[in-house]
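If you're wondering where the values come from, they're calculated on a predicted model, not measured in any experiment. Hydrogens, waters and symmetry mates are skipped; everything else that's a heavy atom, side chains included, is used.
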Amino acid sequence: MDRVLILPPRVTETGLAFADAARRRGMRVETMRTWRLPEHLAGHAGAHLYAGPLFADAVGAELGVGLLEPDQDWLARLPREWTRRDVAFTTLAQARALDRPAFVKPPDDKSFPARVYPSGAALPGPEVLADDTPVLVSDVVTFRVEFRLFLGAGRVRAVSRYAVDGELDLAGPAEDARCADAAAFAAGLLGPGLPALPSAVVVDVGLLADAATGRPEWAVIEANAAWASGHYAADPDEALDVVLSASRPVAEVAPADRRFLRGLPTVSR
């Protein structure tokens, strides 16, 4: 079967790295010129997509691809021993009532900036975003170092450091030995008794100072759709394997993963 990796018009460094990795394995790569899917790609039996959520929504249904993503409330359902902070899944209307600083973010898009808000009054108002917009609200913590993990087929496939003290700072396992510790911590999320993840997903973890002891402790930052995540300094071939599994023809999506399919709107030509 002819396998093709489809990229949006605005190609990122990760898109370029994945394009090279795809060609090395004999895949065809097509970079779109517009947000309209060419007729020859509609319903393509071997299509995979690497793109942001907006572009995925624009072409995904017509392309016929199944896009896996974690549940919006996954982070809030994790036990506190994994998050090291309180995390709530709620609505923007309820978050606007906050009378304290909190980190607030949309769970699966960028409809407003993810950051620390001094109170709920600083969040976008109802004239900007609907009251029922889902949000994640968490305690304010400081991650000293942050890592990205590509998880696929029940194991960690690729890892990269991406930030130190909140600043972009890339390093692979050869440059930062803590990548191995991050991978071991993230692998525990695949064990029994924890909220389920798609079979192919990206998870970010980091080290923060424990509030009681001051010791550095591992904590989960968030989970993201692999097909929309940057690879930073992770091995692009291993990361691409996860992306291809997270974005594949919908007929190939395993039954256990169907609950994680992104709902794609139908777009009229």
Side-chain angles (χ1 to χ4, degrees), residues 12-14 17 70 72-89 95 98 100-108 110 112-119 122-123 135-151 155-191 194-195 197 201-226 228-236 238-239 242:
T12 63
E13 289 187 14
T14 293
Q72 291 185 331
D73 64 348
W74 176 81
L75 185 65
R77 289 189 288 118
L78 276 181
R80 200 176 193 281
E81 64 192 85
W82 287 91
T83 62
R84 301 286 174 179
R85 64 201 186 279
D86 289 332
V87 183
F89 179 70
L98 288 168
R100 59 177 174 82
F103 182 84
V104 186
K105 73 180 293 292
D108 61 359
K110 297 181 180 179
F112 66 90
R115 62 177 176 86
V116 174
Y117 289 84
S119 73
L123 288 164
V135 296
L136 288 166
V137 178
S138 69
D139 292 337
V140 179
V141 295
T142 301
F143 284 95
R144 299 304 182 189
V145 58
E146 300 167 59
F147 298 84
R148 171 152 292 178
L149 298 303
F150 284 79
L151 280 61
R155 63 187 179 92
V156 175
R157 299 292 304 274
V159 56
S160 166
R161 187 187 77 204
Y162 66 87
V164 176
D165 292 329
E167 299 293 331
L168 189 66
D169 192 339
L170 308 186
E175 295 79 35
D176 192 330
R178 293 171 297 184
C179 284
D181 296 328
F185 176 71
L189 294 168
L190 301 173
L194 292 175
L197 286 165
V201 69
V202 159
V203 174
D204 294 341
V205 306
L207 284 169
L208 51 76
D210 183 84
T213 66
R215 294 178 306 188
E217 299 283 358
W218 287 103
V220 176
I221 299 172
E222 62 183 3
N224 297 290
S229 297
H231 80 303
Y232 296 123
D235 183 296
E238 294 287 343
V242 178

Residue that, paired with Arg161, satisfies salt bridge (Lys or Arg N to Asp or Glu O under 4.0 Å) out of Asp204, Asp181, Asp169: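 One option only clears the test, and that one is Asp169.
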Which heavy atom in [X] sits nearest to a heavy atom in [Y], and how many Å separate them?
X: Ala158; Y: Asp235; result: CB-O, 4.1 Å
X: Ile221; Y: Arg85; result: O-NH2, 3.1 Å
X: Glu222; Y: Asn224; result: OE2-ND2, 3.4 Å
X: Ala226; Y: Val202; result: CA-CG2, 3.8 Å
X: Arg84; Y: Ala219; result: CG-CB, 3.6 Å
X: Val205; Y: Ala186; result: CG1-CB, 4.4 Å

Between [atom1] on residue [X] and [atom2] on residue [Y], distance to nearest 0.5 Å:
X: Leu168; Y: Tyr162; atom1: CG; atom2: OH; value: 10.0 Å
X: Phe112; Y: Leu123; atom1: CZ; atom2: CG; value: 6.0 Å
X: Leu151; Y: Leu197; atom1: CG; atom2: CG; value: 7.5 Å
X: Asp86; Y: Asp139; atom1: CG; atom2: CG; value: 4.5 Å

N/O donor-acceptor pair under 3.5 Å between Glu167 side chain and Val164 backbone: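 Looks like no, no N/O pair under 3.5 Å.
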Ser160 (side chain) donor-acceptor with Ala233 (main chain) under 3.5 angstrom: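 Between the backbone of Ala233 and the side chain of Ser160 there is a qualifying donor-acceptor contact (under 3.5 Å).
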Derivation of the side chain to side chain contact (heavy atoms under 4.5 Å, CB included) call for Glu238 and Phe150: CA-CA 8 Å; Glu238 294 287 343; Phe150 284 79; over 6 Å; no
Aromatic plane relationship, Phe185 with Trp218 - under 30° parallel, 30 to 60° tilted, over 60° perpendicular: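 Correct class here is parallel.
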Cationic tip of Arg148 above Tyr232 ring, under 6.0 Å, 45° of axis: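 No, Arg148 does not lie over the aromatic ring of Tyr232.
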Val220/Trp74 under side chain to side chain contact (heavy atoms under 4.5 Å, CB included): CA gap, chis, key distance, verdict: CA-CA 11 Å; Val220 176; Trp74 176 81; 3.8 Å; yes
Over 12 foreign heavy atoms within 6.0 Å of CZ, Arg80: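 Enclosed: over 12 neighbouring heavy atoms sit under 6.0 Å from CZ of Arg80.
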Check against side chain to side chain contact (heavy atoms under 4.5 Å, CB included), Leu98 and Tyr117: CA-CA 9 Å; Leu98 288 168; Tyr117 289 84; over 6 Å; no
Verdict with supporting geometry, Asp165 and Arg144, side chain to side chain contact (heavy atoms under 4.5 Å, CB included): CA-CA 5 Å; Asp165 292 329; Arg144 299 304 182 189; 3.6 Å; yes
Close side-chain approach of Pro195 and Leu78, heavy atoms under 4.5 Å: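 Sidechains of Leu78 and Pro195: in contact.
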Beyond-backbone contact of Val203 with Val156, side-chain heavy atoms, under 4.5 angstrom: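 Of all side-chain heavy-atom pairs linking Val156 with Val203, none is under 4.5 Å.
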side-chain contact (heavy atoms from CB on, under 4.5 Å), paired with Leu136, selected from Asp108, Val87, Val104: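 For Leu136, the side-chain contact (heavy atoms from CB on, under 4.5 Å) test succeeds with only one of Asp108, Val87, Val104, which is Val87.
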